[in-house]
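What follows is a single structure, written as structure tokens, with notes after it.
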Amino acid sequence: MLSNVVVLLIAAIHLYILILEMFLWQKPTGRRVFATTAEFAAATRILAANQGLYNGFLAAGLVWGVWRADPAVQVFFLGCVLVAGVFGGLTASRKILRVQALPALVALLIVIWVH
């Protein structure tokens with residue numbers, strides 16, 4: 001049960017990121033979260049929507065792993081989240097390490113420990 005809860009929490013984080021990047025990127029909320037200007041948000045809206053879609057796929061994969069009760073699927077998608085979080089943290093913003101990579105690492109360790 002604990003592993004399912006943490007995996008679904010990571011999925012919820014990525015669903016939230018999908019909403020921010022696909023639908024709120026140019027809105028005040030999206031610009032505040034990502035610390036962007038209106039001009040930058042307008043110029044990069046398509047790129048942000050693409051990133052949001054990928055975050056949605058990560059969320060879907062995590063939910064699928066819980067629905068199937070398949071730790072291998074959960075480990076795979078948590079690994080993808082971890083790699084994306086580390087890459088983003090090193091190339092875009094250190095904040096991504098705390099928001100994406102660290103929660104994914106904790107969830108990954110819990111899933112491995114429980115199973």
Side-chain angles (χ1 to χ4, degrees):
M1 172 106 166
L2 173 64
S3 64
N4 287 341
V5 170
V6 295
V7 170
L8 290 174
L9 179 61
I10 304 303
I13 290 169
H14 282 78
L15 184 59
Y16 176 64
I17 295 169
L18 172 146
I19 292 166
L20 285 170
E21 292 177 338
M22 291 189 81
F23 305 110
L24 301 177
W25 185 254
Q26 295 185 81
K27 308 280 189 235
T29 301
R31 292 196 328 265
R32 184 177 56 254
V33 168
F34 294 104
T36 61
T37 64
E39 295 77 20
F40 180 83
T44 58
R45 67 184 175 79
I46 300 300
L47 294 172
N50 188 281
Q51 287 177 181
L53 185 61
Y54 283 100
N55 278 290
F57 289 136
L58 291 172
L62 292 167
V63 170
W64 179 51
V66 170
W67 178 70
R68 290 195 35 131
D70 189 338
V73 171
Q74 295 170 19
V75 166
F76 173 78
F77 280 97
L78 287 169
C80 291
V81 170
L82 179 59
V83 169
V86 169
F87 183 78
L90 295 174
T91 61
S93 169
R94 300 285 259 187
K95 179 181 172 184
I96 297 171
L97 292 170
R98 288 188 321 274
V99 172
Q100 186 175 4
L102 181 60
L105 177 61
V106 170
L108 184 60
L109 293 173
I110 290 171
V111 168
I112 291 169
W113 177 65
V114 169
H115 297 282

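Bear in mind the structure is a predicted one, so any value in this text is a computation, not a measurement.
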Going hydrophobic residue to hydrophobic residue with side-chain gaps under 4.5 angstrom, can you get from [X] over to [Y]?
| X | Y | answer |
| --- | --- | --- |
| Leu90 | Phe87 | no |
| Leu109 | Val99 | no |
| Leu53 | Ile46 | no |
| Val73 | Phe76 | yes |
| Val5 | Ile112 | no |

Compare every heavy atom of [Y] with every heavy atom of [X], then report the nearest pair and how far apart it is.
| X | Y | answer |
| --- | --- | --- |
| Ser3 | His115 | OG-NE2, 3.4 Å |
| Val81 | Ala104 | CG1-CB, 3.4 Å |
| Ile13 | Pro103 | CD1-CB, 4.4 Å |

For residues 55-66, which side-chain N or O atoms pair as donor and acceptor with protein atoms under 3.5 Å away, sequence neighbours left out?
| from | atom 1 | to | atom 2 | distance (Å) |
| --- | --- | --- | --- | --- |
| Asn55 | ND2 | Glu21 | OE1 | 3.1 |
| Asn55 | ND2 | Gln51 | O | 3.0 |

Could you give the distance from [atom1] ([X]) to [atom2] ([Y]), rounded to the nearest 0.5 Å?
| X | Y | atom1 | atom2 | value |
| --- | --- | --- | --- | --- |
| Ile10 | Leu78 | CD1 | CG | 6.5 Å |
| Leu20 | Leu15 | CG | CG | 10.0 Å |
| Ile17 | Tyr54 | CD1 | OH | 15.5 Å |
| Tyr16 | Leu24 | OH | CG | 8.0 Å |
| Leu105 | Leu97 | CG | CG | 11.0 Å |

Residue pairs involving residues 95-110 (criterion side-chain hydrogen bond (donor to acceptor under 3.5 Å, both in side chains); sequence neighbours excluded)
His14-Gln100

Decide side chain to side chain contact (heavy atoms under 4.5 Å, CB included) for Gln74 and Asn4; before the verdict, give the C-alpha distance in whole Å, the side-chain angles of both, and the deciding distance to 0.1 Å.
CA-CA 9 Å; Gln74 295 170 19; Asn4 287 341; 3.7 Å; yes

CA sep, side-chain torsions, deciding dist, call: Ser93, Ile96, side chain to side chain contact (heavy atoms under 4.5 Å, CB included)
CA-CA 6 Å; Ser93 169; Ile96 297 171; 4.3 Å; yes

Full working for side chain to side chain contact (heavy atoms under 4.5 Å, CB included) between Ile110 and Leu2
CA-CA 8 Å; Ile110 290 171; Leu2 173 64; 4.0 Å; yes

Using distance only, find each side-chain donor-acceptor pair of residues 27-43 under 3.5 Å and give its atom names and separation, not counting sequence neighbours.
| from | atom 1 | to | atom 2 | distance (Å) |
| --- | --- | --- | --- | --- |
| Arg31 | NH1 | Gln26 | O | 2.8 |
| Thr37 | OG1 | Phe40 | N | 3.0 |

